Structures are given as C-alpha cells and as structure tokens.
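These notes are about the structure you will find just below.
Throughout, numbering of the chain's residues begins at 1 and tracks the sequence. Here the structure is a predicted model, which is why all the values come from computation and not from measurement. Both counts, for ligands and for their atoms, begin at 1 and track the order of listing.
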Amino acid sequence: MKTNASRGGLVAAVHRREDFPKDGHPAVAVVGRSNVGKSSLLNRLLGSVSARVGKTPGKTRGIYFYATREGHHFADLPGAGYARRSREEREGWARLADELFGSGRVTLALRLIDSRVTDSAADVEIRDYLENAGIPSLAVATKWDRLGSAERVRARRAIEAGHGAVWPVSAKTGEGIDELRREIRRSISRGEERAHG
Ligand SMILES: Nc1nc2c(ncn2[C@@H]2O[C@H](COP(=O)(O)OP(=O)(O)OP(=O)(O)O)[C@@H](O)[C@H]2O)c(=O)[nH]1
Ligand SMILES: [Mg+2]
C-alpha cells in the first residue's frame, strides 16, 4: 500500500476491512452525526485541507486515515447512521465501524456534537457505543462560532449534562483548536501510560 507520512497526508481510504492500514499506528477517530463538522475539524487539527467537506450531508464515504507529525493517525468517518443511504450501505458502514473499534488501533475517539443540537439521541448512542467498546473519548461541541455568548452558556450546560466535560471548537475561526489539540495529546499519553503499566 502507498503511504504518505507527511503532515495531513492521506494514509489509507478504507472501504473494506482489507484496506485498513497495517502499520500499527494508533488512531484518533472522529465520529458524529452526518454534517456535524467531522472533516472540517480534522482539516483544522491537521493544519491542512486534506479531508473533503460538504454542504450536503453524506460527504465522507469510507474511513480515511491521515498521518500527523506526532506519530498517530486521525480517522475520518462517515456520518453515523446517515438515514439517506441504502440499508446495505448503512450496514456496511456499521460493520466497518465495528471492525475499526474492535481492532485495538483506536486509542481515542472525538465525539462531535453540534452545539445547536444538544439533545440528539444519536449522540447518546455514539457515547454508549464507544463506552461499550472500551474506547476513551472526548466530547467536542462543533460550530461554536454560530453561537452568541448567552447561547454558549446554555449549550455548554446542556451538552455537559449528557456528555460530561466538553471541548467547544470552531473549524471556521479556529477557536478552541489549540485547547483540543493539547487535550488530545494528554489523552494519548495517559492511554500509553495505561498500556505500558
Ligand atoms: N459555521 C461553521 N460551519 C462549519 C463548521 N464546521 C463545519 N461547518 C460546515 O458544516 C458543513 C458540514 O461539514 P463537514 O466537515 O463536511 O461535516 P462532516 O461531519 O464531515 O459531514 P459528513 O462527512 O457528511 O458526515 C459544511 O458546510 C461546513 O462548512 C464550523 O466550525 N463553523
Ligand atoms: Mg465528513
């Protein structure tokens, strides 16, 4: 398989389980409902325009792995449970996600929550799914630039009630990105400490 270890480089586009990268790098998975801003956030975190972003939901198809300078990969996933896909496609996606989260390669997941939709049952399902799979995760509130200051207070409280500590970010303005990056680094090293005793 062709690899590209430079910053933001696409390492693998996975449509079948045979396509998963075999290089053993730990991965940080970006998950959430369709259109929540996964690919946009990823581009910000990578510091490059690598992942495809779309106005219409369902832009990302398959799981895309990107390399970082820190030695881990980011995995960009399609929107979880995207309803307008065919049943086979959704089942294929669920199988691929099970494969990814069952592989032991994902050391951390970012659970993206739209800051204007703070009571989504799908977001709770994703939280429970990752918990059951034993994957540590961080709740990230997206599109924070769209909220005024009073709305921010309300949104933060509402998300924290269902999801615990939350990192608000804007892929548009860059707000919150450095803080999230630091927390990702902390979470990865905590995970490594656990793994090595
Ligand atoms: N204002 C604002 N818009 C955003 C932000 N992040 C993403 N968007 C917009 O939201 C839409 C969806 O963004 P994507 O990054 O493609 O979302 P996705 O979760 O990857 O979507 P799928 O791949 O379809 O699941 C695009 O129109 C983005 O420009 C943000 O922080 N602020
Ligand atoms: Mg996407």
Side-chain angles (χ1 to χ4, degrees), residues 8-15 19 27-68 73-87 89-98 100-101 106 108-118 120-127 129-130 137-152 154-156 158-159 163 166-181 183-184:
L10 180 66
V11 173
V14 179
H15 300 279
D19 303 335
V28 176
V30 183
V31 294
R33 291 183 305 124
S34 203
N35 217 44
V36 70
K38 297 177 294 296
S39 299
S40 303
L41 174 64
L42 201 56
N43 286 336
R44 268 287 182 180
L45 289 170
L46 291 167
S48 68
V49 184
S50 303
R52 286 179 71 188
V53 166
K55 290 241 182 302
T56 50
K59 200 68 191 173
T60 305
R61 325 192 97 176
I63 301 176
Y64 291 78
F65 287 80
Y66 299 94
T68 66
H73 290 162
F74 276 117
D76 189 17
L77 277 76
Y82 181 46
R84 278 170 60 196
R85 297 263 172 84
S86 69
R87 204 174 113 224
E89 220 175 336
R90 270 181 283 138
E91 282 171 2
W93 141 238
R95 264 198 304 278
L96 213 52
D98 285 345
L100 172 69
F101 291 113
V106 178
L108 178 70
L110 308 180
R111 284 183 285 124
L112 272 51
I113 297 159
D114 190 320
S115 48
R116 296 159 311 166
V117 189
T118 55
S120 154
D123 291 344
V124 172
E125 254 174 56
I126 293 171
R127 182 199 68 193
Y129 174 93
L130 291 169
S137 66
L138 300 173
V140 176
T142 63
K143 311 190 185 184
W144 202 239
D145 58 280
R146 290 188 167 168
L147 303 190
S149 49
E151 290 174 308
R152 286 180 173 203
R154 271 199 300 275
R156 187 190 271 274
I159 297 171
H163 296 274
V166 62
W167 276 263
V169 295
S170 168
K172 190 174 176 187
T173 65
E175 188 180 358
I177 297 294
D178 286 342
E179 289 82 352
L180 176 60
R181 223 186 249 130
E183 185 57 29
I184 291 172

Hey, is CZ on R116 packed in by over 12 heavy atoms from elsewhere, all under 6.0 Å?
yes
When only distance counts, is [X] in polar contact with ligand 1, meaning an N/O pair under 3.5 Å?
X	answer
V36	yes
A171	yes
G37	yes
R146	yes
V53	no
S39	yes

Quick one: pull up [atom1] in [X] and [atom2] in [Y] and give me the separation to the nearest 0.5 Å.
X	Y	atom1	atom2	answer
L180	L138	CG	CG	7.0 Å
S39	L112	OG	CG	10.0 Å
Y64	H15	OH	NE2	4.0 Å
L46	F74	CG	CZ	6.0 Å
S137	H163	OG	NE2	10.0 Å
W167	R181	CH2	CZ	15.5 Å

Please state which part of D145 comes within less than 4.0 Å of ligand 1, counting heavy atoms only: side chain, backbone, both or neither.
side chain
Show me which atoms of ligand 1 lie under 4.0 Å from any heavy atom of [X].
X	value
S40	6 (N), 7 (C), 13 (O), 14 (P), 15 (O), 28 (C)
S170	31 (O)
K38	15 (O), 17 (O), 18 (P), 19 (O), 20 (O), 21 (O), 22 (P), 25 (O)
G79	25 (O)

As a quick check of understanding, evaluate side chain to side chain contact (heavy atoms under 4.5 Å, CB included) for I184 and L110, giving each step before the final call.
CA-CA 9 Å; I184 291 172; L110 308 180; 3.9 Å; yes
Salt bridge (Lys or Arg N to Asp or Glu O under 4.0 Å) partners of residues 31-50, not counting sequence neighbours, each pair once:
R33-D123
May I ask which of R52, K143, E175 has a heavy atom nearer to atom 10 (O) of ligand 1 than the others do?
K143
Worked check of side chain to side chain contact (heavy atoms under 4.5 Å, CB included) between V36 and I113
CA-CA 7 Å; V36 70; I113 297 159; 5.6 Å; no
If the contact criterion is a heavy-atom separation under 4.0 Å, does G32 count as touching ligand 1?
no
Just to be sure I understand the site: which N, O or S atoms from the protein are less than 2.8 Å away from the Mg ion (ligand 2)?
S39 OG, T60 OG1
Considering only NZ, NE, NH1 and NH2 on the basic side and carboxylate oxygens on the acidic side, decide whether R95 and D98 come within less than 4.0 Å.
no
Main-chain N/O of T142 paired to S115 side chain as donor or acceptor, under 3.5 Å:
yes
